[in-house]
Structures are given as C-alpha cells and as structure tokens.
Protein chains: 4
Amino acid sequence: MRQKSPAQRNGDRGGNRRSPGRPRSEQARVAILRSALKLLGDNGFSDLTIESVAAHANVGKATVYRWWPNKAALIADAFASSTTRKLRFPDAGSVYTDMSQQMRQLIKIFRSRRGRIVSAILAAGQRDRDVIAAFRERFLKPRRQEAYETLRRGIARGELRSDVDMDLLLDSLYGPIYMRFLIRHDELTPEFVDRLCQLVLSGAREA
Amino acid sequence: MRQKSPAQRNGDRGGNRRSPGRPRSEQARVAILRSALKLLGDNGFSDLTIESVAAHANVGKATVYRWWPNKAALIADAFASSTTRKLRFPDAGSVYTDMSQQMRQLIKIFRSRRGRIVSAILAAGQRDRDVIAAFRERFLKPRRQEAYETLRRGIARGELRSDVDMDLLLDSLYGPIYMRFLIRHDELTPEFVDRLCQLVLSGAREA
Amino acid sequence: MRQKSPAQRNGDRGGNRRSPGRPRSEQARVAILRSALKLLGDNGFSDLTIESVAAHANVGKATVYRWWPNKAALIADAFASSTTRKLRFPDAGSVYTDMSQQMRQLIKIFRSRRGRIVSAILAAGQRDRDVIAAFRERFLKPRRQEAYETLRRGIARGELRSDVDMDLLLDSLYGPIYMRFLIRHDELTPEFVDRLCQLVLSGAREA
Amino acid sequence: MRQKSPAQRNGDRGGNRRSPGRPRSEQARVAILRSALKLLGDNGFSDLTIESVAAHANVGKATVYRWWPNKAALIADAFASSTTRKLRFPDAGSVYTDMSQQMRQLIKIFRSRRGRIVSAILAAGQRDRDVIAAFRERFLKPRRQEAYETLRRGIARGELRSDVDMDLLLDSLYGPIYMRFLIRHDELTPEFVDRLCQLVLSGAREA
DNA sequence: CAATAATCGAGACGGTACGTCACGTCTTCTT
DNA sequence: AAGAAGACGTGACGTACCGTCTCGATTATTG
C-alpha cells in the first residue's frame with residue numbers, strides 16, 4: 001500500500017476501535033487521486049506538481065503530504081486505484097485467440113491517453129522502487145493470474161507443452177509490447193500482436 | 001546532433017574560416033559529459049541537475065546551456081558519447097549461440113552500474129522524445145544492424161524460416177529482457193536468456 | 001477580562017443557575033496558562049505557538065481557541081495570572097530608601113528568567129493593544145498605586161515638593177530602567193538604581 | 001552590519017580586485033529596503049512577510065534571503081538605512097532648550113507613522129539581539145554622541161555639575177519617553193517633555 | 001434514570017508563509 | 001568570442017502553524 005494506513009499511524013491496538021480525532025476525508029482522498037490522474041494524462045509527468053494537484057482538488061497541500069510521502073507514491077496510488085476493467089481474458093476456445101484478444105486491448109490502452117500515465121509510472125518507477133512495485137502488484141500481477149488460467153486451459157487442451165514455463169512465455173508475449181511502447185522504434189498494431197502470438201506460441205506448442 | 005554546432009551559432013559563412021573569438025573548450029565539453037554520466041550512474045536521474053553537473057565539471061552553468069538546450073539533450077549526448085563496446089555479435093555457427101551469447105552480455109550491462117544510466121535514459125525518454133530517439137539511434141539501431149547479419153546467416157544455414165520477420169523476432173528476443181529490466185518482476189539470469197532464445201527461436205524455425 | 005466568560009457564551013440567563021453541560025475544566029485552564037508562561041520564558045515569543053502550548057498542556061488545540069481569541073489574549077492572561085510577589089514597597093522612613101529598594105527588586109526580576117516573559121509581553125504589546133493594556137492594568141497600575149502612597153508619605157515628610165507631578169516623577173524613575181531593559185545599551189545594576197534615584201529625587205525636592 | 005558583505009562571501013583577498021561574477025544589483029537592494037519600510041509602516045510587523053516584501057519590490061524571494069538571514073535583519077537594515085536627519089541637537093545657549101528641543105522632535109517622530117517602525121524594531125529586538133544591536137548602533141549611539149556635546153557645553157557653562165554621569169542623565173531624560181512610547185500609559189506631549197527636562201536637569205545642576 | 005448539552009482530547013481539514021533549491025538568463029571580469 | 005563566477009526573477013519543494021472542523025468520550029444539569 002502506498003498510503004499510510006490509519007493503523008500505521010495509530011499503532012493499531014488490535015480492537016476495531018476507531019482512532020480518535022477527525023477521520024480522514026474520503027472526499028479529499030478521491031479528489032486528490034482523480035486530479036493526479038487527470039493532470040498526468042493532460043500534461044505528462046513534468047507538469048504534475050503536488051501544488052497543482054492540491055489546487056485542482058481544492059485541497060490543502062499538507063493534506064496531500066499527510067497521506068503520500070512523495071509524488072511517485074501519489075502517482076502509483078492514483079494509477080492503482082484506477083486499474084482498468086477492460087483487460088479481461090476471454091475464453092474463446094484457443095490460447096491464440098484468448099491471448100491475442102487481450103493483448104489487442106492492452107495496446108489500445110497503451111496508444112490512448114492512458115498510455116501517458118503508464119509510461120509516466122514506468123519512468124517514475126526507475127527512480128523509485130515503490131512506484132514500480134505498485135505497478136507490479138496492482139497492475140501486472142492481477143492480470144498475470146488470469147493469464148495463467150488461460151495458459152492452463154491451453155495445456156489441458158493440448159495446445160501447449162505441459163512443461164511450459166508460463167512466466168517465460170508471458171514475458172515473451174508482453175515484453176515486445178512493452179519494449180515497443182517505451183522505445184517507440186516500431187508500431188504497436190493489432191497485426192504485430194497477431195504475428196507475435198503466432199511466433200511465440202508456436203515455440204511453446206506440444207512437440 | 002544534440003549539440004548546437006558552432007556553425008549553427010555563427011551563421012556558417014561558407015568558407016572553412018574558423019569563426020573569430022576563443023574556440024570552444026574541448027576540455028569543458030568532455031568534463032561536462034563525463035560528469036553527467038557519473039552523476040547519472042551514482043544517484044539516478046533525480047540528482048542530475050544542470051547545477052550539479054556544472055559544479056562537478058568545474059564549469060560555468062552558462063557553458064552547459066550554451067551547448068545543450070536542456071537536460072534531456074545533455075543526457076542523450078552523454079549516453080551517446082559513451083558507446084558501449086563488448087556488445088559484439090559472435091559468429092559461432094548457430095543463431096542460438098550467437099544470439100544468446102550477445103544477450104548474456106547485454107544483461108550483464110543491465111545489471112551493472114551502467115544499467116542505472118540506461119534505465120535513467122529510458123525514463124527520461126518517456127518525457128522527451130529526443131532522448132528516446134538518441135537511445136534508438138545511438139544504441140539500439142547499430143546493434144540491430146549487426147543482429148540482422150546474424151539472423152541472415154541463420155536463414156542461409158536453414159536454421160530460420162526464410163520469410164521470418166526479423167524485427168518481430170528481435171523484439172521477441174529483446175523485449176522480455178527490457179521488460180524484466182524495467183519492471184523488475186523477475187530475474188535477469190543467463191538461464192533466462194537461454195530458455196528465452198530456445199522458446200522464441202524454435203517458433204522461427206523452418207517448418 | 002481576556003477570557004470569554006461562560007456567561008457570555010451561554011447568554012447568562014440571569015439566575016446563578018449553572019448552565020447545563022460539562023463545565024469548563026479548571027485543570028485544562030491552568031495547564032494552558034502554565035504552559036504558555038513556561039514556553040515564553042524558555043524560548044521567547046517566537047516559540048510560543050498555540051500548537052506547542054496545547055501539546056505541552058496535553059490539551060486539544062480547540063480548547064485553547066474556545067477560551068482565548070488569539071495568542072495575544074492568551075499571553076496577556078497568562079502574564080496576568082502570574083501575579084508577581086516581591087514587589088512590595090517598604091516603608092523605611094525616606095522616599096529614597098523606599099523607592100530604591102523596590103526598584104532594586106524590579107531589576108532583579110528583569111534580569112531573571114521572568115524578564116524574558118516581561119520583554120516578550122512588551123514586544124507582543126507593540127502589535128496588540130490588548131496585550132499592552134493587560135500589562136498596564138495587571139502589572140503597572142497596581143504597583144503605581146502603591147508608589148503613590150510612598151510618594152505621598154515623602155511629601156508629608158517634606159522630602160518632596162508638595163506640587164510634584166507624581167506620574168512624571170515615577171516615569172522618570174522607572175523609564176530609564178525599562179529603557180535599559182529593552183535596548184540593553186547599558187547595565188541594570190543596583191548602583192545604577194541608586195544613582196538614578198538620587199538624580200531624579202534631588203530634582204523633586206522641596207526648593 | 002546586517003548584510004552579508006561581498007568581502008565575507010568571497011574571502012576578501014585583500015586587493016581591491018572585484019570579485020568575479022555578476023555584481024549585486026543595487027536597484028534590488030534599495031527596492032527591498034524601501035518595500036520593507038513601507039510595509040512595516042503600513043501594516044505593522046505581522047503583515048511584513050518576506051514574500052510580500054519580495055513581491056512589492058519586484059524581486060525574487062531568494063534575492064532577499066541571499067542577503068538577509070531573516071526578517072529581523074532585514075528590518076534592522078531597512079531602519080538603519082533610513083535614519084532620520086531631523087534629530088539634530090540645536091545650540092541655543094542652554095542645556096534645557098537644546099535638549100527639550102531635540103526631545104520634542106523625537107516624540108514627533110514617535111507619534112508619526114515612523115513610530116510604528118520604531119516600535120516594531122524594538123519588539124523584534126526582544127527576540128533577536130542583532131536587531132536591537134542594530135538599533136543601538138545605527139540609531140541610538142550616533143545621537144548620543146551629539147548629546148554628549150550638548151551636555152559638555154552645559155558643564156562648561158556651569159549649568160550642570162562637572163562630575164555629572166552623562167549616560168545616567170541621558171537615560172533619565174530619554175527613558176521616560178521610551179517607556180511612555182512603548183507602554184502607552186500616558187501621553188507623549190511637548191509639555192511632558194518640558195517638565196521632564198526641568199525635573200531631571202534640576203537634579204543635575206551645580207550644587 | 002434517561003435525555004440533553006457542553007466540554008474534553010485528538011487529529012484531519014483548507015490555507016498561508018516559511019526558507020531552500022534548481023531553473024534558465026543575465027552581467028561582470030578574464031582568457 | 002568563450003570561459004568561470006555568481007546574482008537575478010521565477011516557481012515548486014516539503015514543513016510548520018494557523019484557526020476551523022468533526023469525531024468518540026466524558027461530565028454535568030434537567031425532565
């Protein structure tokens with residue numbers, strides 16, 4: 001978790017006793033996260049100042065600092081709280097269709113305005129390990145759990161070798177997408193996704 | 001070129017006549033680039049301020065600004081000027097050995113102190129297209145040219161399909177490395193490289 | 001009074017009927033005033049924040065604000081509640097001995113830790129007329145009443161002119177002390193007090 | 001001196017060699033001091049924020065902090081740089097007329113808008129010894145030097161005892177003025193000044 | 001004895017000014 | 001002309017208090 005939890009702050013005496021004092025304003029919390037995302041999408045990382053977030057959210061600067069130790073933590077939390085629902089894996093009968101379908105949705109997001117947010121997160125993550133960790137835990141892992149299921153179905157159907165290294169396979173599928181997304185040396189098209197799936201999955205087929 | 005050339009600055013009167021006045025100090029130029037690289041490697045992007053570079057290089061701030069329009073340009077130039085050796089592709093008789101050999105050298109660099117510089121470049125590149133372009137032109141493309149050769153030899157030897165999409169293949173090989181390098185969700189080991197090569201190359205073999 | 005009285009707050013329904021609700025905590029009141037004085041004496045005016053007073057007194061900030069409208073009022077009240085003993089005027093037979101005796105006690109206080117409080121009050125009073133008024137009413141005037149008596153005895157004894165301007169005389173005696181106390185251009189010694197008394201009182205003698 | 005001198009900052013290599021770098025902007029210096037005085041006179045000490053001074057002077061906040069360590073030093077310097085010329089001592093033939101003349105000018109200043117500045121200085125001086133020291137050195141002492149002359153003329157003329165303690169005498173004359181100015185328990189009128197002079201000087205007359 | 005009411009401690013809230021830092025520009029003298 | 005030095009206006013940083021507010025808990029009077 002990026003935010004300092006009330007439990008952390010109060011020592012967490014075990015019982016469910018509410019800590020004394022005015023409770024945290026949920027309204028402020030949401031407004032801050034929304035503003036952070038909006039400004040990140042609008043103007044990129046460099047225009048995202050804590051001051052602008054606070055102003056945009058009609059919130060005191062101190063309220064931001066009370067709950068997030070730095071800009072990176074705020075961004076990570078904002079991103080995590082907005083994790084997209086559109087990245088579900090279908091179950092259409094073959095590993096190829098299931099994976100390529102989801103990967104097409106992913107590049108759609110990467111190429112949209114949300115993509116700016118993702119690249120800002122990954123950039124910030126190179127300086128701050130907490131940010132990249134938040135990205136992994138909140139974004140990457142949940143989807144990977146679903147991907148495992150898709151692959152397992154493929155193994156059961158005999159489409160993939162039963163001893164396939166699932167993490168290696170998934171990195172081989174998604175790595176090229178992330179690479180093109182970040183280095184921008186080539187296009188991220190649906191056709192690229194299809195041929196990528198063919199290439200990698202054919203290498204993981206039953207002998 | 002990232003640096004403003006003297007010709008640009010002086011209007012380039014055509015002849016090879018040196019412009020009048022004190023010539024640019026090569027010593028200062030080198031000191032600045034070195035300092036930029038050092039600070040990048042030491043403390044990452046956030047500690048690389050123009051002020052610190054100038055101080056570390058015993059140079060006036062204005063001298064930095066005279067030759068590089070912004071921090072991104074400086075970083076890109078500094079990185080470009082530090083062309084990495086050791087990333088040659090061998091010619092050992094098979095695509096698999098040639099590629100895995102080179103990829104092992106790459107992850108060695110990524111895991112060293114130089115890796116900090118690379119990740120800082122890629123992070124800075126998300127905000128500044130000139131930086132990422134410099135990375136592509138100075139680092140990625142030269143190596144890819146050599147990689148094409150390696151792959152062509154493999155095609156000639158019948159190890160790879162003759163109609164293989166070389167860019168797709170290379171992204172499939174390097175993408176997973178970049179992904180693990182930047183997201184750090186799994187290790188970058190020689191074994192990983194080997195299995196990655198096996199998986200991807202087996203998908204590109206002659207039918 | 002500096003404090004908002006309960007009567008004010010409750011509309012004062014006439015009878016001596018106690019208003020309902022939890023009565024004001026005398027313990028909190030005292031703790032707040034004590035803390036204010038302590039912090040004033042320790043570190044002067046600038047370290048006296050309402051926040052620090054509340055923390056030091058183990059009291060909610062709102063409890064301070066409930067009873068004192070601002071910092072100046074609190075300081076004034078705290079000072080007033082600390083009625084200084086030891087400043088009695090003796091009756092030893094001559095104006096000179098009576099006055100110099102008391103003035104020696106005064107400079108003793110000015111040179112002690114209590115002096116910091118007095119100078120903080122006088123400093124605060126330059127910004128807030130209520131503070132300086134409190135100083136006058138609670139500290140200056142009561143003593144001046146006693147001083148009048150001392151002077152009247154002197155007149156009766158023929159030591160002073162019968163038409164002497166007592167306020168002028170007292171200001172001439174105490175003014176130099178306050179001046180040296182605040183501007184610190186010279187020492188506040190018992191000898192200074194003695195010579196001051198001699199000088200001023202000799203000017204007020206019967207012709 | 002309140003300002004950090006260039007000599008201090010550069011180590012003062014002895015020669016009159018100008019230190020390198022852009023020289024300090026005299027225009028900024030003057031604008032800052034003027035603004036400080038203006039704001040002090042307008043709204044008193046509490047409305048004098050460094051931020052408002054900088055804004056009013058069209059100057060960066062950092063420029064203020066570069067040359068003055070804190071608000072008190074700034075005020076002291078501003079006050080010192082504006083020391084009034086109107087407090088000359090006349091030479092009219094008697095100590096009484098010379099002194100009362102000058103003291104009348106003093107209370108005129110104390111009762112004017114400049115008085116706010118003086119009381120703000122004295123208040124600030126209670127917290128910061130540098131401020132009160134600046135007041136002494138820049139304001140009090142120069143006038144006292146002139147006052148000594150006036151008194152010496154009086155001694156020469158036989159109006160004052162030849163062994164009179166001049167500092168004691170001057171404190172007895174000015175102390176009551178400062179006291180009434182700061183505590184405001186009584187009026188500062190020309191008549192008060194006259195009677196004060198009569199009282200004190202008569203105590204210092206030749207026996 | 002319950003209901004009502006005001007106070008208490010705690011602590012979060014929207015603000016404002018703090019003093020620092022780096023930005024990119026400028027003005028000086030020196031090379 | 002370029003260099004080092006360093007001051008300039010600008011603006012965000014993260015902190016400290018301001019004075020206000022909402023909590024649950026406590027302690028009185030009133031019905």
Side-chain angles (χ1 to χ4, degrees), chain A residues 6 9-10 17-25 27-29 48-52 54-55 57-67 69-71, chain B residues 6 9-10 18-25 27-28 48-52 54-55 57-67 69-71, chain C residues 6 9-10 17-25 27-28 49-52 54-55 57-67 69-71, chain D residues 6 9-10 17-25 27-29 48-52 54-55 57-67 69-71:
Chain A
R9 298 174 67 84
N10 298 325
R17 287 249 301 278
R18 279 268 248 102
S19 64
R22 180 174 177 173
R24 176 171 185 188
S25 159
Q27 185 186 320
R29 201 194 115 254
L48 184 88
T49 64
I50 295 281
E51 224 147 44
S52 66
N58 278 318
V59 141
K61 235 192 327 171
T63 300
V64 180
Y65 283 108
R66 206 182 335 265
W67 300 107
N70 52 55
K71 191 157 58 168
Chain B
R9 298 178 59 84
N10 297 326
R18 282 273 238 102
S19 55
R22 178 174 176 174
R24 177 172 183 188
S25 158
Q27 185 187 320
L48 184 89
T49 64
I50 295 284
E51 210 133 85
S52 67
N58 278 317
V59 140
K61 248 197 310 178
T63 302
V64 180
Y65 283 110
R66 202 182 335 265
W67 300 107
N70 52 55
K71 191 157 60 171
Chain C
R9 297 177 59 80
N10 298 326
R17 292 218 304 213
R18 282 274 235 101
S19 57
R22 181 173 177 173
R24 176 173 185 186
S25 159
Q27 184 188 321
T49 64
I50 296 284
E51 210 133 85
S52 67
N58 278 317
V59 140
K61 246 196 315 177
T63 302
V64 180
Y65 283 110
R66 203 182 336 264
W67 301 108
N70 52 55
K71 190 156 61 170
Chain D
R9 299 173 64 84
N10 298 325
R17 285 250 299 281
R18 279 270 245 102
S19 63
R22 179 174 178 173
R24 175 171 185 187
S25 159
Q27 183 187 322
R29 201 194 115 255
L48 184 88
T49 65
I50 296 282
E51 223 145 46
S52 66
N58 278 318
V59 141
K61 237 196 319 176
T63 300
V64 181
Y65 283 109
R66 206 182 334 267
W67 300 107
N70 52 55
K71 190 156 60 168

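Bear in mind that the values here come from a model prediction, so they are computed numbers and not experimental data. Every chain is numbered from 1 and lettered A, B, ... according to where its sequence line falls, protein lines coming before strand lines.
- Computed from coordinates, the Leu48(D) CG to dC18(E) C1' distance equals 13 Å when rounded to whole Å.
- dA22(E) atom P lies 14 Å from atom CZ of Arg66(D), rounded to whole Å.
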Evaluate the side chain to side chain contact (heavy atoms under 4.5 Å, CB included) criterion for residues Arg24(C) and Trp67(C): first the C-alpha distance (whole Å), next the side-chain angles of each, then the deciding distance (0.1 Å), finally the verdict.
CA-CA 10 Å; Arg24(C) 176 173 185 186; Trp67(C) 301 108; 3.4 Å; yes

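- If you check every strand for non-hydrogen atoms under 4.0 Å, Ala62(D) touches a base.
- Straight-line distance from the CG atom of Asn70(A) to the P atom of dG14(F): 7 Å, rounded to whole Å.
- When each of Lys61(D) and Glu51(B) is assigned the nucleotide of DNA chain E with its nearest heavy atom, Lys61(D) is the one assigned upstream, toward the 5' end.
- Mapping Ile50(D) and Thr63(A) onto DNA chain E via the closest heavy atom, the residue that lands nearer the 5' end is Thr63(A).
- OP1 or OP2 of dG3(F) has at least one side-chain nitrogen or oxygen of Trp67(B) nearer than 4.0 Å.
- In terms of position along DNA chain F, the nucleotide closest to Ser25(B) lies nearer the 5' end than the nucleotide closest to the other residue of the pair Ala57(D) and Ser25(B).
- With sequence neighbours excluded, no residue satisfies side-chain hydrogen bond (donor to acceptor under 3.5 Å, both in side chains) with Ser25(C).
- When rounded to the nearest whole Å, the span between CZ of Arg22(C) and P of dT7(E) equals 10 Å.
- In this entry the distance linking NZ of Lys71(D) with P of dA17(E) reads 10 Å, nearest Å.
- For Ala28(A), the side-chain atoms get nearest to dG14(E) when compared with the rest of dG9(F), dG14(E), dC8(E).
- Under the salt bridge (charged side-chain N to carboxylate O under 4.0 Å, His left out) criterion, Lys61(C) pairs with Glu51(C), not counting sequence neighbours.
- The side chain of Thr49(A) approaches dA12(F) more closely than any other nucleotide in the set dA12(F), dA5(E), dT27(F).
- Side-chain N/O atoms of Arg24(C) include none lying less than 4.0 angstrom from OP1 or OP2 on dA6(E).
- Rounded to whole Å, the distance from OH on Tyr65(B) to P on dC8(F) is 18 Å.
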